[in-house]
Amino acid sequence: EAQVTQNPRYLITVTGKKLTVTCSQNMNHEYMSWYRQDPGLGLRQIYYSMNVEVTDKGDVPEGYKVSRKEKRNFPLILESPSPNQTSLYFCASSKVQGAVNQPQHFGDGTRLSIL
Amino acid sequence: AQSVTQLGSHVSVSEGALVLLRCNYSSSVPPYLFWYVQYPNQGLQLLLKYTSAATLVKGINGFEAEFKKSETSFHLTKPSAHMSDAAEYFCAVSEGNTGKLIFGQGTTLQVKP
């Protein structure tokens with residue numbers, strides 16, 4: 001089954017404790033992206049990657065890091081989490097050819113609470 | 001910069017009634033537009049997409065949307081609401097050649113029995 005898998009689904013942690021949210025897709029997609037969803041703001045892009053070893057900032061990259069060492073994986077790293085990063089996070093992937101019109105496939109989300 | 005505005009953060013309809021969720025976009029180039037649906041505790045699922053092939057786009061679950069360039073709109077409709085349609089709906093436009101999606105704020109659809 002084609003899917004984007006995020007882990008963990010839920011996490012409560014404390015300020016300053018480094019954490020990683022993993023994302024893996026099994027569709028051989030070149031493009032992967034991270035979004036955060038906040039009430040009244042819709043989804044906003046954090047980082048994206050057009051292919052292995054190619055990453056770039058989205059609209060809200062502050063406080064986050066990503067890496068793309070393998071095509072299937074795109075982890076999101078919070079080096080020193082703060083309460084304003086409490087949010088619902090989604091990973092997405094799509095084919096890159098004509099990336100603008102290829103629908104993105106989304107994971108089920110990771111709900112992070114930073115105390 | 002491109003943007004998307006969804007009119008109405010909450011829409012309530014009776015089962016069997018017409019569903020109309022409004023979306024307006026701003027774009028300096030021909031847009032690629034999408035509607036996604038989010039059920040509770042799930043990710044976003046693609047309902048339909050507009051890529052300039054046809055102005056009336058049919059999607060899954062009986063939904064369709066009409067692209068109107070003169071009105072910069074891409075409203076989502078369904079002739080007869082079902083209880084299972086209760087969810088949050090997002091309109092999005094694809095920006096430039098990065099594949100980034102610009103999302104609207106979302107509209108929560110409530111379906112009353």
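Keep in mind the model is a prediction, meaning the values are calculated, not measured. Note on naming: letters A, B, ... go to the chains in the order of the sequence lines (proteins, then strands), and numbering restarts at 1 for each one.
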Closest non-hydrogen atom pair between B:Asn41 and A:Arg9, with its separation: O-NH2, 3.2 Å
Quick check on the hydrophobic clustering: are [X] and [Y] connected, directly or via other members, by side-chain heavy-atom contacts under 4.5 Å?
{"X": "B:Phe103", "Y": "A:Leu88", "answer": "yes"}
{"X": "A:Val60", "Y": "A:Met32", "answer": "yes"}
{"X": "B:Trp35", "Y": "B:Ile60", "answer": "yes"}
{"X": "A:Leu78", "Y": "A:Trp34", "answer": "yes"}
{"X": "A:Tyr64", "Y": "A:Leu19", "answer": "yes"}

Measure the shortest side-chain to side-chain distance between B:Leu44 and A:Tyr35 over non-hydrogen atoms and say whether it is less than 4.5 angstrom. no
Besides B:Leu7, the hydrophobic cluster formed by Ile, Leu, Val, Met, Phe, Trp and Tyr side chains linked at under 4.5 Å, directly or via other members, contains none
Examine whether an atom of A:Gln37 lies under 4.5 Å from a heavy atom of chain B, and if so say whether it belongs to the side chain, the backbone or both; otherwise answer neither. side chain
Chain B heavy atoms under 4.5 Å from A:Tyr89: which part of the residue, side chain, backbone, both or neither?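 No part of A:Tyr89 comes within 4.5 Å of chain B.
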Ranking A:Leu43, A:Val4, A:Leu41 by heavy-atom pairs under 4.5 Å to chain B gives rank one to A:Leu43
Does CZ belonging to A:Arg44 count more than 12 external heavy atoms closer than 6.0 Å? yes
Should we count CD1 of A:Ile12 as having more than 12 external heavy atoms under 6.0 Å?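 No, not enclosed.
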Which value, rounded to the nearest 0.5 Å, describes the distance between B:Leu46 atom CG and A:Gln104 atom CD? 10.0 Å
Separation between CD (B:Gln105) and CG (A:Asp38), nearest 0.5 Å, reads 13.0 Å
Give, as side chain, backbone, both or neither, the part of B:Gln38 having an atom under 4.5 angstrom from any heavy atom of chain A.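 For B:Gln38, the side chain is the part near chain A, not the backbone.
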Considering heavy atoms only, which positions within residues 12-24 of chain B lie below 4.5 Å of chain A? none
Proximal to chain A - members of residues 77-91 of chain B, heavy-atom separation under 4.5 Å: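 The stretch touches chain A at B:Glu88, B:Phe90.
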Salt bridge (charged side-chain N to carboxylate O under 4.0 Å, His left out) contacts in which one or both residues fall within residues 29-38 of chain B, not counting sequence neighbours: none
